Amino acid sequence: MTEAAFTPRVFSGIQPSGNLTLGNYLGAVKRFVEMQNSGIETIYCVVDMHAITVWQDPEALRRQTRELTAAYLACGLDPKKSILFNQSQVSAHAELGWLFNCVARLGWMNRMTQFKDKAGKNAEKMSLGLYAYPSLMAADILAYKATHVPVGEDQKQHVELTRDIANKFNHDFKTNFFPEPEPIIDGAGTRVMSLRDGSKKMSKSDPSDMSRINMTDDADAIAKKIRKAKTDPEPLPDNMDGLADRPEARNLINIYAGISGQTPAEVLTEVAGQQFGQFKPLLADLAVAHLAPIADEMGRLMADPAEIDRILGDGANRAAEIAEPILADAYDIVGMIRSR
Ligand code: AQP
């Protein structure tokens, strides 16, 4: 087997499993936009089939799918520059996902920490889909032979599993058909933590709304959540070492850095010595100035759901044009007859 050269192509997705959070924004969408604007080919998906690995009310799922699409657009994704669509409209994802279910090993899935985190003590009661989630995620990426996957820190293990699946497929079938995609995890916002507990990541599905900033929150809600965020009584240090054992303080500095585009160390040089009573209003002002226009634009876009559906349908057609030939070749490599 010779090394194949793969055209650089970016793929990533987010589940429409609730309100987009500041964590999703800083860890993922902000970088989706940067990559789109760098000129590389970008494909961004609303992964509705992943969302139903846990219960979703059908009406809520429809609304959340449109809301997430509106958030993509309001944050700066442009359907003329990127392909934007929802996963279930391109059947290649599910079909390639099945092929990968037959490539991935049970032992690999057993090591996935996200399943363990989400299932907790109730693993027996979880859906089979939640367990096989990483195999469908590998199909999402490899249906486009994507080479780069911008994600938050929590998804690193799943992208590594995608590399293992690509590698095993190539090895088993003596081919170099699939690339081994690289996770792109950089910047201050790759792991935004809960505002109530600095050891837990900020998550759309956390039962406490006070634990997260939603992209639809208004200025008052943002300010209130930051004011009530858990902190400690110490003043802010002047270097990163001083945050080592202070997860909540570190989180707020990281959030400030993620929004302002500075490094956390740069933020500390500006705010060293401040108490949280001084720093929290600064952070609230910064967050409101940055997020309020996005929330306003989302509201405007949500007033025209037919236009959102049109954008998703158009994106799905363009996505299918890329994915279907790749799926057909994968079926052929595996030995399936395709005679119609
Ligand atoms: N707290 C976070 N900090 C940084 N990045 C994050 N991401 C999620 N939470 C954080 C990144 O957002 C992208 C989309 O994630 P997802 O919707 O596919 O699922 P998730 O990682 O499970 O996100 P949530 O918000 O916690 O959703 P639920 O609650 O439904 O499980 C990914 O790139 C992820 O890394």
Side-chain angles (χ1 to χ4, degrees), residues 10-35 42-57 60-61 64-65 67-69 71-72 75 77 86-87 93 112-120 126-127 129-130 133-134 136-138 140-141 146 148-162 181-209 211-216 225 229 247-248 250-252 254-255 257-259 264:
V10 170
F11 177 94
S12 198
I14 298 185
Q15 302 181 69
S17 46
N19 267 316
L20 196 75
T21 69
L22 182 65
N24 301 132
Y25 174 67
L26 295 178
V29 185
K30 200 162 179 265
R31 271 155 333 103
F32 293 2
V33 177
E34 287 160 9
M35 295 189 96
T42 44
I43 305 175
Y44 297 122
C45 191
V46 176
V47 288
D48 47 7
M49 289 162 60
H50 285 285
I52 61 162
T53 55
V54 298
W55 168 251
Q56 304 292 337
D57 172 76
L61 180 62
Q64 287 161 192
T65 299
E67 236 168 45
L68 178 52
T69 311
Y72 275 175
C75 292
L77 291 182
N86 59 315
Q87 186 186 23
H93 292 245
M112 294 298 110
T113 54
Q114 190 176 75
F115 178 80
K116 290 181 199 160
D117 291 346
K118 287 197 171 175
M126 293 294 124
S127 73
L130 187 67
Y133 180 121
L136 180 59
M137 178 164 156
D140 300 335
I141 297 165
H148 296 88
V149 188
V151 281
E153 184 68 43
D154 62 314
Q155 290 292 337
K156 182 167 183 237
Q157 195 185 31
H158 289 167
V159 182
E160 282 164 358
L161 187 106
T162 299
E182 294 282 343
I184 307 289
I185 303 170
D186 56 23
T190 57
R191 191 162 172 76
V192 178
M193 308 309 282
S194 158
L195 298 178
R196 309 301 301 162
D197 177 352
S199 67
K200 259 173 69 182
K201 76 162 190 159
M202 184 180 284
S203 182
K204 321 180 194 81
S205 55
D206 191 311
S208 163
D209 192 57
S211 70
R212 62 177 162 264
I213 292 174
N214 304 304
M215 296 303 285
T216 47
K225 287 175 179 181
E248 282 86 14
R250 192 169 59 237
N251 189 36
L252 294 189
N254 274 338
I255 291 176
I259 298 176

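Remember, predicted model here, so these are calculated numbers, not experimental data. All heavy atoms count here, side chains included; hydrogens, waters and symmetry mates do not. Order of listing sets the numbers, starting from 1, for every ligand and every atom in it.
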Checklist outcome for this item: Residue, atom and distance of the protein heavy atom nearest atom 31 (O) of ligand 1 read Lys118 NZ, 2.6 Å
Checklist entry - Tell me: protein heavy atom nearest atom 9 (N) of ligand 1, and distance? => result Lys201 NZ, 3.4 Å
Checklist entry - Is there a nitrogen or oxygen of Gln155 sitting under 3.5 Å from a nitrogen or oxygen of ligand 1? => result yes
Checklist entry - Going by atom types alone, do Asp206 and Ser208 pair a side-chain donor with an acceptor below 3.5 Å? => result no
Next on the checklist: Could you tell me, atom by atom, which parts of ligand 1 come under 4.0 Å of a heavy atom of Gly189?
Outcome noted: 4 (C)
Checklist entry - Which ligand 1 atoms, with their elements, are less than 4.0 angstrom from a heavy-atom of Thr190? => result 3 (N), 4 (C), 5 (N)
Item to check | Heavy-atom side-chain proximity of Pro150 to Ser12 below 4.5 angstrom | outcome: yes
Checklist outcome for this item: The option among Lys204, Arg191, Lys156, His50 carrying the non-hydrogen atom nearest to atom 25 (O) of ligand 1 is Lys204
Item to check | Met137/Val159 under side chain to side chain contact (heavy atoms under 4.5 Å, CB included): CA gap, chis, key distance, verdict | outcome: CA-CA 8 Å; Met137 178 164 156; Val159 182; 3.9 Å; yes
Checklist entry - At a 4.0 Å cut-off, with the gap strictly under it, does some heavy atom of Gly18 reach an atom of ligand 1? => result no
Item to check | From the candidates Val151, Asp154, Asn19, the one that places a heavy atom nearest atom 35 (O) of ligand 1 | outcome: Asp154
Checklist entry - So which protein heavy atom does atom 6 (C) of ligand 1 come closest to, and at what separation? => result Gly23 O, 3.5 Å
Checklist outcome for this item: Exactly one candidate in Asn251, Asp154, Asp117 meets side chain to side chain donor-acceptor pair (under 3.5 Å) with Lys201; the answer is Asp154
Checklist entry - Should Met202 be counted as touching ligand 1, given the test is an N or O pair under 3.5 Å? => result yes
Checklist entry - Does the side chain of Leu20 reach to within under 4.5 Å of the side chain of Glu67, using non-hydrogen atoms? => result no
Checklist entry - Is any side-chain heavy atom of Ile259 less than 4.5 Å from a side-chain heavy atom of Tyr25? => result no
Item to check | Side-chain heavy-atom pair Ile184, Met35 within 4.5 angstrom cut-off | outcome: yes
Checklist entry - Out of Asn24, Val29, Leu68, Thr21, whose heavy atom sits nearest atom 8 (C) of ligand 1? => result Asn24
Checklist entry - Tyr72 vs Phe32 aromatic rings, parallel, tilted or perpendicular, using cut-offs 30° and 60°? => result perpendicular
Next on the checklist: With heavy-atom distances below 4.5 Å as the criterion, would you say the side chains of Tyr133 and Met112 are in contact?
Outcome noted: no
Item to check | For Ala28, the ligand 1 atoms whose distance to one of its heavy atoms is below 4.0 Å | outcome: 12 (O), 13 (C), 33 (O)
Checklist outcome for this item: Of all protein heavy atoms, the one nearest atom 30 (O) of ligand 1 is Ser17 OG, 2.6 Å
Checklist entry - Which residue and non-hydrogen atom of the protein lie closest to atom 33 (O) of ligand 1, and at what distance in Å? => result Gly152 N, 3.1 Å
Next on the checklist: Can you confirm whether Ser203 sits close enough to Thr21 that some side-chain heavy atom of one is under 4.5 Å from a side-chain heavy atom of the other?
Outcome noted: no
Next on the checklist: With a 4.0 Å cut-off on heavy atoms, is Met193 in contact with ligand 1?
Outcome noted: no
Next on the checklist: Would you say Asn19 and Asp209 are linked by a side-chain donor-acceptor pair, where the criterion is simply a distance under 3.5 Å?
Outcome noted: no
Checklist outcome for this item: heavy-atom search around atom 1 (N) of ligand 1 in the protein gives Val192 O, 2.7 Å
Item to check | Which of the ligand 1 atoms, numbered from 1, are nearer than 4.0 Å to a heavy atom of Gln114 | outcome: 21 (O), 22 (O)
Next on the checklist: Pairing donors with acceptors under 3.5 angstrom, does anything connect the side chains of Gln157 and Thr113?
Outcome noted: yes
Next on the checklist: Can you report which non-hydrogen protein atom sits closest to atom 14 (C) of ligand 1, along with the distance?
Outcome noted: Ile14 CG1, 3.6 Å
Item to check | atom 26 (O) of ligand 1: the protein heavy-atom neighbour that sits closest, reported with distance to 0.1 Å | outcome: Ser203 OG, 2.6 Å
